[in-house]
There are 2 protein chains.
Amino acid sequence: MNESNPTVFIVDDDASVRKSLERLIKSVGFNAETFTSAEEFLSRKPYGGPSCLILDVCMPGLSGIDLHKKLTREEIPIPIIFITGHGDIPMSVKAIKNGAVDFLPKPFDKKELISAINQAIDRDVHTRKLLIEKEEIQHRLNTLTPREFQVLRWVITGMLNKQIAYELGVTEKTIKVHRGRVMQKMQIDSVAELVRLAQKVGIAPPNK
Amino acid sequence: MNESNPTVFIVDDDASVRKSLERLIKSVGFNAETFTSAEEFLSRKPYGGPSCLILDVCMPGLSGIDLHKKLTREEIPIPIIFITGHGDIPMSVKAIKNGAVDFLPKPFDKKELISAINQAIDRDVHTRKLLIEKEEIQHRLNTLTPREFQVLRWVITGMLNKQIAYELGVTEKTIKVHRGRVMQKMQIDSVAELVRLAQKVGIAPPNK
DNA sequence: ATTTAAATTGGACCTTGGTCCAATACGGGT
DNA sequence: ACCCGTATTGGACCAAGGTCCAATTTAAAT
């Protein structure tokens, strides 16, 4: 069990389900870790590597649905595969619309579950990659002064320095200096890259 | 019945369902148009305004699911709301994952259906807006010569004219001319706009 | 064979972007 | 009182972008 290998977390109040899932998952080469309740899962320390969550819908205490909501609210984007013995269509529809990877009624086909797990892990790897990228960008953005950030937002509109200068009520010279520092701090050397970078973290142009 | 008002298409083999749905939909101010089969719907001329499709899953001939697949394959992005009397969870999950707006078992709550219809129409309005924008961009792109398009792809990387010239084995002068024509034909005047525009239609930088 | 579109390049010239050095001004914090 | 980060601006200077006019070459189309 190491953190570079994908881990599948299993939350189900039924011991036999936990056991069989754990065996199945380990047999295909993933780490598996089981929990008897949503609360127990929440108290686990955050996992660093790629992972996903197999979650029973109905459980005493916090239900699987509740846990999903909570994770969404707290922006913990771990991919979720629901399993359930007593689900209905509206419930499954809602779960998928809220971002669950799959929703499998018990008993389910092993191949289907494995397929869902692979999808979930792939999604998590992708999500993590984007997240890390965003954090790196954000870190550099935080080194900008307020004025520099303001200039950045105008620069990505494609306006000329003199136009930006007019908008901010300063001289073109000043914009040049701010702009130069923005590029230096963001560690790039073209407007094209700045535009893409701003897009990735959702920086909008000024309201005018 | 005019094309600026949203229209809801109803496809169901059950006459009573068609009738009640039509009444409900007209009562909230949308146009409604009914069809007794998927085939009948397909033979209708394309609708210009915002619309969505309420689709029975089980029907003689082409089923609702089949129709959904066909529309997806042919890139007809009309939002779909499934209704069904005999659906199961895997079916509903699959439908939503394939992009359906909702999946409602009969009998359904009127408010739920109306809510789903509003979502579907909103989605369609949004999709159409993006589509029109993409088409406008594509139209301008089609006026570019192969070489100009090639230069465009290098320009959006943020490279200098001299670097692009080296990549293409020509002089900087040549790149300047192509680049100028690209900006003129695309009707923009900054690299920033070019980058965003390229992003919208999914133009990738060169493979190097 | 003539025409046409595309690609290429040169020269001249102007605008814009970017940098280096330097200076002033203002507000916080030690 | 003094230092530091931030914002501002100027001068000088060079690199890069962009445009106008003009010319050549080549391949495709009529």
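So you know, we letter chains A, B, ... as the sequences are listed, proteins then strands, and number each from 1. Keep in mind it's a predicted model, so treat the numbers as computed, not measured.
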Query raised in the report: What residues in residues 183-196 of chain B put a non-hydrogen atom under 4.0 Å from any atom of DNA chain C?
Result: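 Contacts with DNA chain C under 4.0 Å: none.
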**Report entry** Min side-chain heavy-atom separation A:Arg196-A:Ile188 under 4.5 Å
**Finding:**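 A:Arg196 vs A:Ile188: side chains apart.
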Query raised in the report: Rounded to whole angstrom units, what separation is found between the NE2 atom of A:His178 and the C1' atom of D:dT9?
Result: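 Between C1' of D:dT9 and NE2 of A:His178: 10 Å.
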Query raised in the report: What's the CZ-P distance between B:Arg179 and C:dT8, to the nearest Å?
Result: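 Rounded to the whole Å, the gap is 16 Å.
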Query raised in the report: Rounding to a whole Å, what distance do you find between B:Gln163:CD and D:dG17:C1'?
Result: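 For the pair B:Gln163 CD and D:dG17 C1', the rounded distance is 14 Å.
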Query raised in the report: What's the CD-C1' distance between A:Gln150 and D:dT6, to the nearest Å?
Result: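 Going from A:Gln150 (CD) to D:dT6 (C1'), I get 13 Å.
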Query raised in the report: Does the distance from a Lys or Arg side-chain N to an Asp or Glu carboxylate O, for B:Glu74 and B:Lys70, drop under 4.0 Å?
Result: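 Judged by the 4.0 Å cut-off on N to carboxylate O distance, B:Glu74 and B:Lys70 do form a salt bridge.
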Query raised in the report: Atom CG of B:Asn142 to atom P of C:dA5: distance rounded to whole Å?
Result: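 Going from B:Asn142 (CG) to C:dA5 (P), I get 18 Å.
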Query raised in the report: According to a strict under-4.0 Å criterion, is A:Thr145 in side-chain N/O contact with OP1 or OP2 of D:dT6?
Result: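 Looking at the OP1 and OP2 atoms of D:dT6, neither is under 4.0 Å from any side-chain N or O of A:Thr145.
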Query raised in the report: Ion pair present between A:Asp124 and A:Arg128, side-chain N to carboxylate O less than 4.0 angstrom?
Result: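 Between A:Arg128 and A:Asp124 there is a salt bridge, with a charged N closer than 4.0 Å to a carboxylate O.
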Query raised in the report: What's the CD1-C1' distance between B:Ile164 and D:dG18, to the nearest Å?
Result: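 Spelled out: CD1 on B:Ile164 to C1' on D:dG18 is 14 Å.
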**Report entry** Options D:dA7, C:dT8, D:dG11, nucleotide nearest the side-chain atoms of A:Pro146
**Finding:**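 Closest nucleotide to the A:Pro146 side chain: D:dA7.
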**Report entry** A:Glu148 and A:Arg181 ion-paired at < 4.0 Å
**Finding:**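 A:Arg181 and A:Glu148: salt-bridged.
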**Report entry** First of B:Ile175 and B:Thr143 reached from the 5' end of DNA chain C, by closest nucleotide
**Finding:**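 Nearest-nucleotide comparison on DNA chain C picks B:Thr143.
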Query raised in the report: Does B:Asp13 come within less than 4.0 Å of B:Arg18, counting only side-chain N to carboxylate O?
Result: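 Between B:Arg18 and B:Asp13 there is no salt bridge, as every charged N stays at least 4.0 Å from the carboxylate O atoms.
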Query raised in the report: Does a side-chain heavy-atom distance below 4.5 Å link B:Arg147 with B:His178?
Result: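 Yes, at least one pair of side-chain atoms sits under 4.5 Å.
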Query - Under-4.0 Å side-chain N/O to phosphate OP1/OP2 contact, A:Thr174 with D:dT9 - result: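 Yes, within the criterion.
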Query raised in the report: Which listed nucleotide (C:dT8, D:dA12, D:dA16) is nearest to the side chain of B:Arg181?
Result: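 My answer, after comparing the listed nucleotides, is C:dT8.
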Query raised in the report: From C:dT8, D:dT19, D:dA7, pick the nucleotide closest to the side chain of B:Lys176?
Result: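 Between C:dT8, D:dT19, D:dA7, the one nearest the side chain of B:Lys176 would be D:dT19.
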Query - Nucleotide nearest A:Arg147 (side chain, heavy atoms from C-beta), chosen from C:dA7, D:dT8, C:dG11 - result: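 Per side-chain heavy atoms of A:Arg147, the pick is D:dT8.
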Requested in this report: State, to 0.1 Å, how close A:Ala38 and A:Val11 come at their nearest heavy-atom pair, and which atoms those are.
Outcome: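 So the two residues come closest at N-CG1, 3.7 Å.
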Query - Minimum-distance nucleotide to A:Val177 side chain [options: D:dG17, D:dT9, C:dG17] - result: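 The answer is D:dT9, which lies nearest to the side chain.
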**Report entry** Side-chain heavy-atom pair A:Ile175, A:Val151 within 4.5 angstrom cut-off
**Finding:**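 Counting from C-beta outward, A:Ile175 and A:Val151 do come under 4.5 Å.
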Query raised in the report: In whole angstroms, how far is the C1' atom of D:dT9 from the CG atom of A:Leu168?
Result: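 The answer, rounded to whole Å, is 15 Å.
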Requested in this report: Verify the contact: side-chain N or O of A:Lys173 to OP1 or OP2 of D:dG11, cut-off strictly under 4.0 Å; return yes or no.
Outcome: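 No, A:Lys173 has no side-chain N/O under 4.0 Å of OP1/OP2 on D:dG11.
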Query raised in the report: Which whole-number value in Å describes the distance from B:Leu160 CG to C:dT16 C1'?
Result: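 In whole Å, C:dT16 C1' lies 14 Å from B:Leu160 CG.
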Requested in this report: Considering just the side-chain nitrogens and oxygens of A:Asn161, establish if one lies under 4.0 Å of OP1 or OP2 belonging to C:dG17.
Outcome: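 So the side chain of A:Asn161 is within the cut-off, an N or O lying under 4.0 Å from OP1 or OP2 of C:dG17.
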Query raised in the report: Closest to the B:Glu172 side chain: D:dA7, D:dA16, D:dG10?
Result: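 Selected nucleotide (nearest to the side chain): D:dA16.
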